[in-house]
2 protein chains.
Amino acid sequence: MKRTTIKDLAEMLNISTSTVSRALKDHPDISSSVKLKVREAAETFNYVPNDFAVNFRKKSSKVIGLIVPEITMFFIPSIINGISSVLNKEGYHFFILSSNDSFETEKEHLETCINSRVDGVLISLTNETKDIDHLLKLKEMEIPAIIFDKTVSQNIFQSVIFDNIRNAELCADKLIDHGCKNILAIFGDENLEITQSRLVSFENRMKHFPAINLNIIYCKSADQVKEKLDLLLDDDSIDGFFAMSDETLMGLHSSLIKRSLNNTNRKVVSISEGTLPKYLDETYDYQVNDGNEMGIFAAKQLLTSIKNEASGARETETVVHRL
Amino acid sequence: MKRTTIKDLAEMLNISTSTVSRALKDHPDISSSVKLKVREAAETFNYVPNDFAVNFRKKSSKVIGLIVPEITMFFIPSIINGISSVLNKEGYHFFILSSNDSFETEKEHLETCINSRVDGVLISLTNETKDIDHLLKLKEMEIPAIIFDKTVSQNIFQSVIFDNIRNAELCADKLIDHGCKNILAIFGDENLEITQSRLVSFENRMKHFPAINLNIIYCKSADQVKEKLDLLLDDDSIDGFFAMSDETLMGLHSSLIKRSLNNTNRKVVSISEGTLPKYLDETYDYQVNDGNEMGIFAAKQLLTSIKNEASGARETETVVHRL
DNA sequence: TTGAAAGCGCTACCAA
DNA sequence: TTGGTAGCGCTTTCAA
């Protein structure tokens with residue numbers, strides 16, 4: 001099916017394509033009589049502007065690539081909400097690309113982004129990603145990029161992360177204030193930067209209280225939490241739990257429920273990125289990392305970079321934004 | 001920054017752009033010596049193919065528009081996983097557009113899809129959407145579309161839905177088999193087709209057992225479930241619960257926990273679209289609607305339609321696929 | 001106030 | 001086996 005184009009309209013009305021183009025966007029140069037004619041014809045022949053062609057001509061795709069390590073229920077929905085609220089308002093769209101926790105896939109997705117000429121990239125790294133060499137190409141091609149949430153230490157790209165140190169400390173304080181004496185702390189994948197920073201600050205805080213017995217376990221998934229707890233909960237004396245994320249909390253909650261250990265005088269404290277936790281148990285205490293807020297912030301930063309890039313202004317410093 | 005183009009390469013090597021283009025894609029017509037030269041130059045000057053231009057030329061964006069009523073943690077992650085697994089394999093990408101439960105926004109997103117020349121649309125309708133007049137334009141423009149999950153009755157587009165009737169019946173049976181005598185059934189938004197079909201079949205099944213006392217409530221959100229249950233749970237005699245979705249179950253779970261009513265001899269049965277529920281309480285019983293599966297199925301159907309469209313084959317019949 | 005024409009990067013047809 | 005060229009749909013400069 002042939003779609004009506006500006007050229008079609010021009011031929012029908014015996015005027016030039018440039019006039020039609022200008023009339024359609026209400027350019028002041030064009031007389032109102034011509035504008036009227038053009039608009040009528042456009043209406044009649046069901047003309048639909050081809051943004052694809054416009055963007056091609058303007059050398060800007062108006063598309064952002066969003067690369068995430070995996071699509072989870074804990075973080076992705078809130079981050080997507082944040083990102084789209086910012087991008088849609090500005091006429092941008094975004095591809096969502098999941099690395100499925102594979103470094104190779106992450107590299108492929110970056111290729112994809114470059115090939116399809118995205119205007120910018122928002123990326124959260126996989127567990128397997130140890131450096132950002134594969135991101136350097138973005139710099140070469142002058143494609144603005146922001147790393148968010150899961151990152152490695154680097155000083156090339158702006159990054160947006162939660163203030164893990166502060167949050168883990170606050171959680172430790174909550175347990176301490178509550179008078180817990182025997183604490184089980186549940187962390188995620190030991191190799192993640194995000195785990196390490198939470199771990200270190202949590203432990204540091206605890207060190208000031210040598211009377212408190214602290215046990216630490218690492219679990220790569222909620223299921224693994226359940227497995228490990230099936231044994232550990234035999235220890236009745238645990239009076240405080242720390243979960244470093246929604247996912248670990250999920251496993252903990254499940255195990256507690258199973259043994260009817262909820263709603264007792266145990267204290268459960270967790271860092272949370274999502275909206276889910278408020279439905280688990282009202283006695284749980286959260287330190288909230290708002291994924292929505294992070295999405296909004298990261299997207300805004302990216303748009304700023306894109307505008308700077310366009311105006312020729314070079315970025316001067318690499319910033320780590322802590323939320 | 002000027003990116004290397006095929007033209008650049010052609011000028012450097014003093015050959016034509018057509019030769020470069022063909023060499024780059026290993027066309028059999030081109031001599032291997034030329035191919036080598038071209039590939040070397042491409043490598044040296046960091047040539048990156050411009051898919052955007054290719055697609056423009058080929059009049060196919062390789063992009064699918066995914067329009068959803070809202071971005072929830074219950075359904076969206078699984079559906080996205082299903083969709084991307086199919087689309088990425090075939091070289092397609094997708095925009096995700098959230099209607100935020102607004103009919104107007106839904107219409108705008110459809111415009112966006114049409115304007116940016118997506119090759120196809122996957123859409124789940126908002127609560128406010130009562131007919132599909134606004135989708136008709138897709139037909140006019142010959143853009144293939146599949147409606148999934150939330151739909152209205154129509155016979156223009158293919159649709160993919162869960163077998164709500166069967167699933168609600170099975171849930172009713174579970175409660176009946178368990179010997180429940182006083183059942184509370186929690187449904188979602190009363191106006192949704194999805195609610196109605198589950199409601200009708202659930203009630204029909206129950207009608208065969210007049211001895212069972214059945215109470216029904218409607219709640220638009222998990223929070224509303226919590227509110228209503230705060231009163232209703234005073235009735236200690238409820239021995240069976242039905243939640244029509246993950247979201248309603250979430251509210252129910254929260255209320256039960258709060259009163260320490262979990263792990264008793266109450267039976268909780270729910271229809272579920274996600275992975276979350278398995279962490280709530282192992283005694284809950286689920287009838288699973290697999291979002292991942294739905295995403296895969298819908299995406300495959302769409303790709304088939306796109307290929308048919310391209311080959312000029314007209315669709316003959318409109319099918320409702322029940323999973 | 002309007003038009004002619006170039007060109008974004010690439011492909012594909014037709015010729016040589 | 002290679003090159004010339006038209007053209008996808010649109011914008012924009014320059015000229016009229």
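A note on names: the letters A, B, ... follow the listed sequences, proteins ahead of strands, and every chain is numbered from 1.
Nearest to the side-chain atoms of Thr19(B) among the listed nucleotides dT2(D), dC10(D), dT2(C) stands dT2(D). Distances were taken from every side-chain heavy atom of Thr17(A) (C-beta onward) to each of dG9(D), dA5(C), dC8(C); the shortest belongs to dA5(C). Distances were taken from every side-chain heavy atom of Lys59(B) (C-beta onward) to each of dC8(D), dC10(C), dC10(D); the shortest belongs to dC8(D).
One can place CZ of Phe56(B) at 15 Å from C1' of dA12(C), the figure rounded to the nearest angstrom. Rounded to whole Å, the distance from CG on Asn14(A) to P on dT2(C) is 14 Å. dC8(D) atom P lies 20 Å from atom NZ of Lys58(A), rounded to whole Å. Atoms CD1 (Ile6(B)) and P (dC8(C)) sit 13 Å apart, rounded to a whole Å. When the P atom of dC8(D) is taken as reference, atom CG of Asp8(A) falls 10 Å away, rounded to whole Å. Separating the CD1 atom of Ile30(A) from the P atom of dT12(D) is a distance of 13 Å, rounded to the nearest angstrom. Arg117(A) places its CZ atom 11 Å from the C1' atom of dC8(C), with the value rounded to the nearest Å. The CG atom of Asn55(B) sits 17 Å away from the C1' atom of dG7(D) (whole-angstrom rounding).
Ser102(A) and Ser99(A) share no donor-acceptor pair across their side chains, judged by distance under 3.5 Å alone. With 3.5 Å as the limit, one finds no donor-acceptor pair spanning the side chains of Gln154(A) and Asp131(A). Thr19(A) and Ser16(A) form a side-chain donor-acceptor contact under 3.5 Å, judged by distance and modelled atom types alone.
The two residues Phe157(A) and Leu135(A) have their closest heavy-atom pair at CZ-O, 3.3 Å. Closest heavy-atom contact between Arg3(B) and Ile143(A): NH2-CG1, 4.1 Å.
Of the candidates Glu104(A), Glu106(A), Lys107(A), Glu106(A) is the only one forming a side chain to side chain donor-acceptor pair (under 3.5 Å) with His134(A).
Take Glu70(B) and apply the side-chain contact (heavy atoms from CB on, under 4.5 Å) test, not counting sequence neighbours, and it matches Thr72(B), Asp101(B).
Salt-bridge formation is not detected for the pair Lys130(A)/Glu193(A): no Lys NZ or Arg NE/NH1/NH2 atom is positioned less than 4.0 Å from an Asp or Glu carboxylate oxygen.
The base of dA4(C) is paired with the side chain of Ser18(A) by a donor and an acceptor separated by under 3.5 Å.
A donor-acceptor pair under 3.5 Å is formed between the side chain of Ser84(A) and the backbone N or O of Ile80(A).
Near DNA chain C, meaning a heavy atom under 4.0 Å away, the residues from residues 31-38 of chain A are Ser31(A), Val34(A). Using a 4.0 Å cut-off on heavy atoms, the residues of residues 22-29 of chain B that approach DNA chain D are Arg22(B), Pro28(B), Asp29(B), listed by number.
Both Ala53(B) and Ile15(B) lie near DNA chain D, and the one whose nearest nucleotide falls closer to the 5' end is Ile15(B).
Heavy atoms of Thr5(B) sit under 4.0 angstrom from primed sugar atoms or phosphate atoms, though from no base atom.
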